[in-house]
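Note sheet for the following structure.
Keep in mind that what you see is a predicted model, and the values were worked out from it rather than measured.
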Amino acid sequence: MKKIETVRNVEATVRIPGSKSFTQRALVAAFLAEGESFLRNALLSEDSIYLLEALKELGAEIRLEGKDVRVTGSGGRLKNPGRSIYLGNNGTAMRFLTSLVSLGEGEYTLTGTERLCRRPIGALVAALRSLGVEARSKGGDGFPPVVVNGGGLPGGPVVFKDIESSQFVSSLMICSPYAQKETVISLEGAVRSYPYLEMTKEIMEAFGVPVHQDQPNRFRISGRERYQSREYPIEGDASSASYFFLAAAICGGRVRVENLNPRTRQGDMGFLSVLEELGCRVIRGDSWVEVLGGDLNRGEFAFDLGNMPDMVPGLAVLATRRFGRTLIRNVAHLRLKESDRLKALATELRKIGIQAKETNDGLTVEGGPAKGAAIETYDDHRIAMSFAVLGLAVPGIAIQNPGCVGKSFPDFWEKLGGLNR
């Protein structure tokens with residue numbers, strides 16, 4: 001249990017770690033490349049360590065040098081460890097490796113925690129099968145563990161319809177250069193978290209493989225290509241930055257976040273527009289962003305967070321601090337994250353005296369006075385970090401299982417404590 005100390009007007013400068021999403025994509029590209037790549041400012045969190053260890057089992061040589069990572073790639077030639085590969089609760093790694101191991105030889109089994117084995121992967125398995133890969137959900141239910149028989153990725157046309165996660169598409173995209181022929185990926189219906197596909201494209205092109213788009217929802221990737229090893233700087237994590245933007249908004253102070261590209265393709269930078277709409281002031285520099293809080297706007301506001309679902313916990317706790325109703329929409333897929341985030345948020349908000357209820361595709365929160373309480377985190381890093389920031393303004397907030405933040409932001413508590421100085 002970690003008790004949160006309240007502060008008044010926050011005045012702080014914070015330097016954030018590297019992006020988890022860019023780190024994981026760069027690790028896979030560097031693994032597939034021939035030769036040595038050097039990833040600067042990588043995020044070494046629980047999730048990225050699970051992926052890093054899995055890539056070692058598949059044949060990479062990886063050395064950690066402070067916050068940097070040296071990867072000697074496999075050139076697309078995978079080893080088979082002869083045992084199940086355990087990925088914790090890293091959904092990104094599960095999805096990325098499901099496509100990746102098709103490039104190897106023999107049978108691969110990917111598994112993880114009980115929660116990971118309740119996160120869907122059926123649409124990706126079906127897409128791989130449509131391309132000729134022998135892949136299946138071990139239980140036949142569309143959930144991990146996943147069993148893949150290697151032998152190569154044939155390539156060809158594939159269609160994703162109304163998918164629960166853009167990670168299915170990114171998984172196939174990032175491995176397609178090593179297919180036997182061109183892969184054409186078409187998206188139909190709802191496409192959630194689209195900015196993450198742009199991040200995948202950015203990484204692929206940075207490592208030397210072009211991605212062709214003749215229309216926004218169609219990606220064409222040539223087969224028999226190869227990534228080129230390189231030095232790659234990992235930009236700061238917009239998701240991690242959001243908690244310090246949130247601190248300024250909740251406490252009515254000023255926080256500058258350094259090591260952050262204001263022009264990044266990370267979708268979670270859209271949270272700044274939400275803050276501006278609610279009355280905060282945002283100043284963007286060359287490699288930093290500053291948020292100044294103040295009186296939040298009153299009345300009813302509705303936000304579609306389909307492209308930045310990880311920002312829902314932050315917006316939900318911010319909604320408690322202003323007069324009016326906040327409607328959060330198009331995030332039904334949050335029920336399939338590290339926890340059922342919509343249920344978790346509604347439960348914990350009601351615990352601190354706030355009216356909150358789940359809707360079919362999101363959450364409704366009525367602002368009002370909040371009281372202190374011990375917050376159950378459901379082993380979900382984003383629930384823990386969002387309520388911790390709320391505790392800067394609401395006395396008596398304590399976070400259960402505070403170590404869960406290690407999944408994405410190992411030094412979060414140190415950074416948050418710095419706001420009190």
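Between Leu103 and Leu32, some side-chain heavy-atom pair lies under the 4.5 Å cut-off. Looking only at side-chain heavy atoms (C-beta outward), Tyr50 and Asn89 stay at 4.5 Å or farther from each other. Looking at Pro154 and Val133, their side chains come closer than 4.5 Å, going by heavy atoms from C-beta outward. Within the 4.5 Å cutoff, side-chain heavy atoms of Glu300 are placed close to those of Leu327. Side chains of Phe22 and Glu235 form a contact here, defined as non-hydrogen atoms less than 4.5 Å apart. With contacts defined as side-chain heavy-atom distances shorter than 4.5 Å, the pair Arg325/Thr364 qualifies. Looking at heavy atoms from C-beta onward, Val317 lies out of side-chain contact with Val389 at the 4.5 angstrom threshold. Between Asn149 and Glu107 there is a side-chain heavy-atom pair separated by less than 4.5 Å.
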Legend entry - CA sep, side-chain torsions, deciding dist, call: Thr92, Gln167, side chain to side chain donor-acceptor pair (under 3.5 Å): CA-CA 7 Å; Thr92 303; Gln167 289 174 0; 2.8 Å; yes

Inset, instruction - Assess whether side-chain contact (heavy atoms from CB on, under 4.5 Å) is satisfied between Leu278 and Leu315, documenting all intermediate values. - result: CA-CA 10 Å; Leu278 291 178; Leu315 179 55; 4.0 Å; yes

Inset, instruction - Please assess Arg25 against Thr200 for the test side chain to side chain donor-acceptor pair (under 3.5 Å), listing each intermediate value before the final yes or no. - result: CA-CA 7 Å; Arg25 284 160 173 78; Thr200 302; 2.8 Å; yes

Legend entry - Worked verdict on Glu348 versus Arg382 for salt bridge (Lys or Arg N to Asp or Glu O under 4.0 Å): CA-CA 13 Å; Glu348 300 309 305; Arg382 303 213 183 277; over 6 Å; no

Inset, instruction - Start with the C-alpha gap between Val394 and Thr320, add the side-chain angles, then the distance that decides, and say whether side-chain contact (heavy atoms from CB on, under 4.5 Å) holds. - result: CA-CA 10 Å; Val394 176; Thr320 70; 5.8 Å; no

Inset, instruction - Go through Leu97 and Tyr108 one step at a time and tell me if the side-chain contact (heavy atoms from CB on, under 4.5 Å) criterion holds. - result: CA-CA 10 Å; Leu97 294 191; Tyr108 296 82; over 6 Å; no

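Atom CG of Asp295 is surrounded by 12 or fewer heavy atoms from other residues, nucleotides or ligands within 6.0 Å. Few gaps surround CD on Gln215; more than 12 heavy atoms of other groups in view lie less than 6.0 Å from it. Shown here is Asn360, whose CG atom has no more than 12 heavy atoms of other residues, nucleotides or ligands within 6.0 Å. Counted within 6.0 Å of CZ on Arg281, heavy atoms from surrounding residues, nucleotides or ligands total 12 or fewer; the atom is thus considered open. Remark: Gln355 CD is loosely packed, at most 12 non-hydrogen atoms of other residues, nucleotides or ligands lying under 6.0 Å away. Counting heavy atoms of neighbouring residues, nucleotides and ligands inside a 6.0 Å radius, atom CZ of Arg8 does not exceed 12 of them. Heavy atoms from other residues, nucleotides or ligands lying under 6.0 Å from NZ of Lys415 number more than 12.
Applying the side chain to side chain contact (heavy atoms under 4.5 Å, CB included) criterion to Pro402, with sequence neighbours excluded, gives Lys2, Trp413.
Counting all heavy atoms, side chain and backbone alike, Ser171 lies closest to Leu124 at OG-CD2, 3.7 Å. In this structure, Gly151 and Gln180 approach most closely via the heavy-atom pair O-NE2, 4.1 Å. The two residues Ala388 and Leu416 make their nearest non-hydrogen contact at CB-CD2, 4.0 Å. In terms of heavy atoms, Ile203 sits closest to Ala29 at CG2-CB, 4.0 Å. Annotation for Phe387 and Ile397: closest pair O-CG2, 3.7 Å, computed over non-hydrogen atoms. Here the closest non-hydrogen pair linking Ser386 and Leu246 is O-CD2, 4.4 Å.
The structure places CD1 of Ile121 at 3.5 Å from OG1 of Thr98, a figure rounded to the nearest 0.5 Å. Distance OG1/Thr347 to CG/Asp340: 8.5 Å, rounded to 0.5 Å. The CZ atom of Arg15 sits 8.0 Å away from atom OG of Ser287, with the distance rounded to the nearest 0.5 Å. Put simply, CG on Leu392 and CD1 on Ile4 are 7.0 Å apart, with the number rounded to the nearest 0.5 Å. Separation of atoms CD1 (Ile352) and CG (Leu390) is listed at 5.0 Å; rounding is to 0.5 Å. Of the inter-residue distances, the one linking Glu182 atom CD with Ser176 atom OG reads 10.0 Å to the nearest 0.5 angstrom.
A donor-acceptor pair under 3.5 Å is formed between the side chain of Ser48 and the backbone N or O of Leu43. Asp361 places no side-chain N or O within 3.5 Å of a backbone atom of Ala332 that could act as its donor or acceptor partner. Arg298 places no side-chain N or O within 3.5 Å of a backbone atom of Arg322 that could act as its donor or acceptor partner. Although no hydrogens or angles enter the test, the distance criterion places a donor-acceptor pair under 3.5 Å between the side chain of Asn307 and the main chain of Tyr194. Asp68 places a side-chain N or O within donor-acceptor distance of the main-chain N or O of Asn41, the cut-off being under 3.5 Å. Between the side chain of Thr377 and the backbone N or O of Gln400, at least one donor-acceptor pair lies under 3.5 Å. The closest donor-acceptor contact from the side chain of Arg119 to the backbone of Leu336 lies under 3.5 Å. Between the Arg129 side chain and the Val125 main chain, no donor and acceptor come within less than 3.5 Å of each other. Side-chain N or O atoms of Asp237 include one that pairs as donor or acceptor with a backbone N or O of Ser240 at under 3.5 Å.
Between Tyr232 and Phe207, the ring-plane angle classifies as tilted under the 30° and 60° cut-offs. Taking the six-membered ring where the residue is Trp, Phe303 and Phe301 present parallel rings, their angle staying beneath 30° rather than reaching 60°.
The pair Asp47-Lys20 meets the salt-bridge criterion, with a side-chain N (NZ, NE, NH1 or NH2) lying under 4.0 Å from an Asp/Glu carboxylate O. In this structure, Glu57 pairs ionically with Arg83, as a charged nitrogen and a carboxylate oxygen lie closer than 4.0 Å. For Asp310 and Arg341, the salt-bridge test passes: some basic side-chain N is under 4.0 Å from an acidic carboxylate O. Salt-bridge formation is not detected for the pair Glu198/Arg265: no Lys NZ or Arg NE/NH1/NH2 atom is positioned less than 4.0 Å from an Asp or Glu carboxylate oxygen. Between Asp380 and Lys337 there is no salt bridge, since none of the side-chain N atoms of the basic residue sits less than 4.0 Å from a carboxylate O of the acidic one. Glu358 and Lys343 are not joined by a salt bridge, as no carboxylate oxygen comes within less than 4.0 angstrom of a charged side-chain nitrogen.
Of the residues Thr183, Leu153, Val211, Ile221, the one that meets the side chain to side chain contact (heavy atoms under 4.5 Å, CB included) test with Pro177 is Ile221. A side-chain hydrogen bond (donor to acceptor under 3.5 Å, both in side chains) with Asn90 is found for one member of Glu338, Glu46, Lys407, Gln24 and no other, namely Gln24.
Between the side chains of Ser166 and Ser193, not a single donor N or O lies within less than 3.5 Å of an accepting N or O.
Ring centers of Tyr227 and Phe31: at least 6.0 Å apart, outside the cut-off.
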